[in-house]
Amino acid sequence: MAQPIDLRSDTVTRPTPAMRRAMADAEVGDDVLDGDPTVRALEDRVASLLGKESALFFPSGTMANQTGVWLLSRRGTEVLLDAEAHLIHWEIAALAGLCGVQPRPLRGTGTVYDADALRAGIRPASPNAPQASLVCVENTHNGAGGKVTTLDGLRAIRDVAREHSLPVHMDGARLWNAAVATETNIADFAACADTVMVSFSKGLGAPVGAALAGSREAMRDAWQTRKRFGGGMRQSGILAAAALFGVREHWPRMHEDHERAAKLARAVDGAGGAKVVPPDTNIVMIDLPARITASELSARCAAEGVRISPWNATRVRAVTHLDVDDADIARAGEVIVRALER
Ligand SMILES: *Cc1c(COP(=O)(O)O)cnc(C)c1O
């Protein structure tokens, strides 16, 4: 059988030959001791793109997220965030285990929480109630199906946070996608938060890494937190070179992933009674009819060479990325439809 078409995540991409060449040619130094020139170049590039004073390269988005929360929150307080946030569901309770904070999950009327839900979630001051110390936003929102919170929506959230003197951390693992999908300057999104995490190993196709951006002072503290969390890396310019390459070469083609996700969504929606969440970006969530579970559908598709992931019992996720082309998406659509109609 041909190579399986792997739509489980945009993290499955493998570095291209050109990206590997950029990694091999990278100028490097000891980044913990006195700096690595390619890491510094990446950090400068990200800070400038995001309109922040400073940025730091991290081994993972999870570590960068937790560092942002660590810096901005206080132990024994609440962090307000979307009920389906990556920070709640996919970081192994690090909010509690590392940062000592309690998540306060918010649900809006749409798929992602909004300023009204935030306002309603902030408790009136009481000596017996938890205090809030931080607001987090996720853009695009993975669990909602790659949904974009628009600039207006994000500004409204930031304004409510400010009214209550709460800082904002943005989980922008896929902020690249949000900017492309809405033709918004990525710095305008970033301006709505004090610290912003972006990932290089999703749609940009780098093998490893994320960045945290914010004020110079915050990033000085973040440098120490990163090291304390075990994220001090030495000749990491080899990895930073891949990230720089991804930003330069792969970000400009990201709209193709969104077009393919839309194509897949159109092909699958309605098949066998399935309902597709209309994708804003590169994530296609398929809600299943009662007669088939997510793991059954995933197994049927895998047997036909198409890999998708069960998201929960009644929903599967398919993600488009650099390593799939139009023909792959056409075939994936046929396989998923057949599996649904069986
Ligand atoms: C992937 C992801 C992360 C974590 O990034 P890792 O590099 O896998 O640790 C955080 N938030 C969101 C929304 C993600 O999709």
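These numbers come from the heavy atoms of this one structure, side chains and all, not from hydrogens, waters or symmetry mates. Start at 1 with the first residue, then count along the sequence. Atoms within each ligand, like the ligands themselves, are counted from 1 in listed order.
- Taking the six-membered ring where tryptophan is involved, the planes of F245 and H250 are perpendicular, since the angle between them exceeds 60° and thus also 30°.
- Side-chain atoms of N139 come within 3.5 Å of backbone N or O of T149 as a donor-acceptor pair.
- The residues lining ligand 1, counting any heavy atom closer than 4.0 Å, are S60, G61, T62, N65, H86, E91, E138, N142, D171, A173, R174, M197, K202.
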Which is it for D326 and R260 under the salt bridge (Lys or Arg N to Asp or Glu O under 4.0 Å) test, yes or no, and what are the steps along the way? CA-CA 7 Å; D326 287 330; R260 290 186 180 121; 2.8 Å; yes
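- Classification of K147 and D280 as a salt-bridged pair holds, one side-chain N sitting under 4.0 Å from a carboxylate O.
- Remark: K202 does not engage D10 in a salt bridge, criterion side-chain N to carboxylate O under 4.0 Å.
- Relative ring orientation between F200 and F57 is described as tilted, the plane-to-plane angle lying within the 30° to 60° band.
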